[in-house]
Amino acid sequence: MADLAALARQRLDPRSVTAGRLGGWTFTAVVLVIVGSSVLGALIGARAPLVSWLASGAIALVFFGGLALASHAGPAVRYRTTWVRLDEDGLEFEHGWLWHHHISVPRSRIQHTDVTHGPLERRFGLATLVVYTAGTEHASIRIEGLSHETALAFRDALLARDARAGAPDGAGDAV
């Protein structure tokens with residue numbers, strides 16, 4: 001069983017910043033190609049005057065510059081404003097910069113957990129811990145940006161606790 005002291009309040013993995021930036025820049029590049037080619041086709045097809053080309057260029061520069069800046073700064077802000085903790089009482093998850101969210105889930109409400117990781121997360125050794133709860137609000141909580149080892153440790157600690165809690169007469173204590 002994972003030691004609960006090791007799962008005390010902790011931040012996301014620092015590699016999540018690089019992975020988030022890479023994902024954001026990839027998204028920005030794809031949107032740039034799709035929107036840029038559409039606008040370019042429309043300008044050429046309409047035989048638009050020079051002023052339309054200049055206006056479109058200025059709008060694109062502002063829009064894609066802002067999107068690229070958000071892709072760069074967003075993951076760092078997310079890293080600084082997100083933490084997760086597991087203790088005897090349950091799981092706590094806090095995130096957000098402008099809108100601050102603090103979610104506390106008692107152990108008795110946790111149904112099961114998943115650890116997932118897509119190609120970009122695998123490349124950086126990251127994973128997403130998904131905690132499913134009883135009830136309708138926050139029925140599933142996704143905690144992205146944890147190291148794969150930390151996500152597995154959280155999952156194992158929750159599973160070990162559930163096994164002891166469900167075993168009759170303390171039979172699960174020998175986990």
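Only this structure's heavy atoms are used, side chains among them; waters, hydrogens and symmetry mates stay out. All figures in this text were calculated on a predicted structure; none of them were measured in a lab.
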Considering non-hydrogen atoms only, spot the tightest contact between [X] and [Y] and give its length.
X: S52; Y: L43; result: CB-CD2, 4.1 Å
X: A151; Y: L129; result: O-CD1, 4.0 Å
X: P75; Y: G20; result: CG-C, 3.5 Å
X: S71; Y: W25; result: CB-CD1, 3.6 Å

Next on the checklist: Parallel, tilted or perpendicular, judged at 30° and 60°: which one describes the rings of W83 and H102?
Outcome noted: perpendicular
So how far is it from [X] [atom1] to [Y] [atom2], rounded to the nearest 0.5 Å?
X: Q111; Y: T133; atom1: CD; atom2: OG1; value: 7.5 Å
X: I110; Y: Y132; atom1: CD1; atom2: OH; value: 13.5 Å
X: R109; Y: S104; atom1: CZ; atom2: OG; value: 13.0 Å
X: L158; Y: L86; atom1: CG; atom2: CG; value: 5.0 Å
X: H72; Y: R21; atom1: NE2; atom2: CZ; value: 4.0 Å
X: D114; Y: R155; atom1: CG; atom2: CZ; value: 9.0 Å

Same apolar cluster (I L V M F W Y, side chains within < 4.5 Å links), [X]/[Y]:
X: L67; Y: L22; result: no
X: V35; Y: L40; result: yes
X: Y79; Y: L146; result: yes
X: F64; Y: I59; result: no
X: V84; Y: I141; result: yes

If you count the non-hydrogen atoms of other residues, nucleotides and ligands that lie under 6.0 Å from [atom1] in [X], is the total more than 12?
X: R15; atom1: CZ; answer: yes
X: R123; atom1: CZ; answer: no
X: W97; atom1: CH2; answer: no

Item to check | No-hydrogen, no-angle side-chain donor-acceptor test under 3.5 Å, E94 and H100 | outcome: yes
Close side-chain approach of [X] and [Y], heavy atoms under 4.5 Å:
X: V131; Y: S140; answer: no
X: F93; Y: V105; answer: no
X: F124; Y: V17; answer: no

Item to check | Matching residue for T128 among H117, E121, H148, E144 - test: side-chain hydrogen bond (donor to acceptor under 3.5 Å, both in side chains) | outcome: E121
Checklist entry - Is the backbone of I34 close enough, under 3.5 Å, to the side chain of S37 for a donor and an acceptor to pair up by distance? => result yes
Checklist entry - For the side chain to side chain contact (heavy atoms under 4.5 Å, CB included) test, which of T150, T82, L126 pairs with L12? => result T82
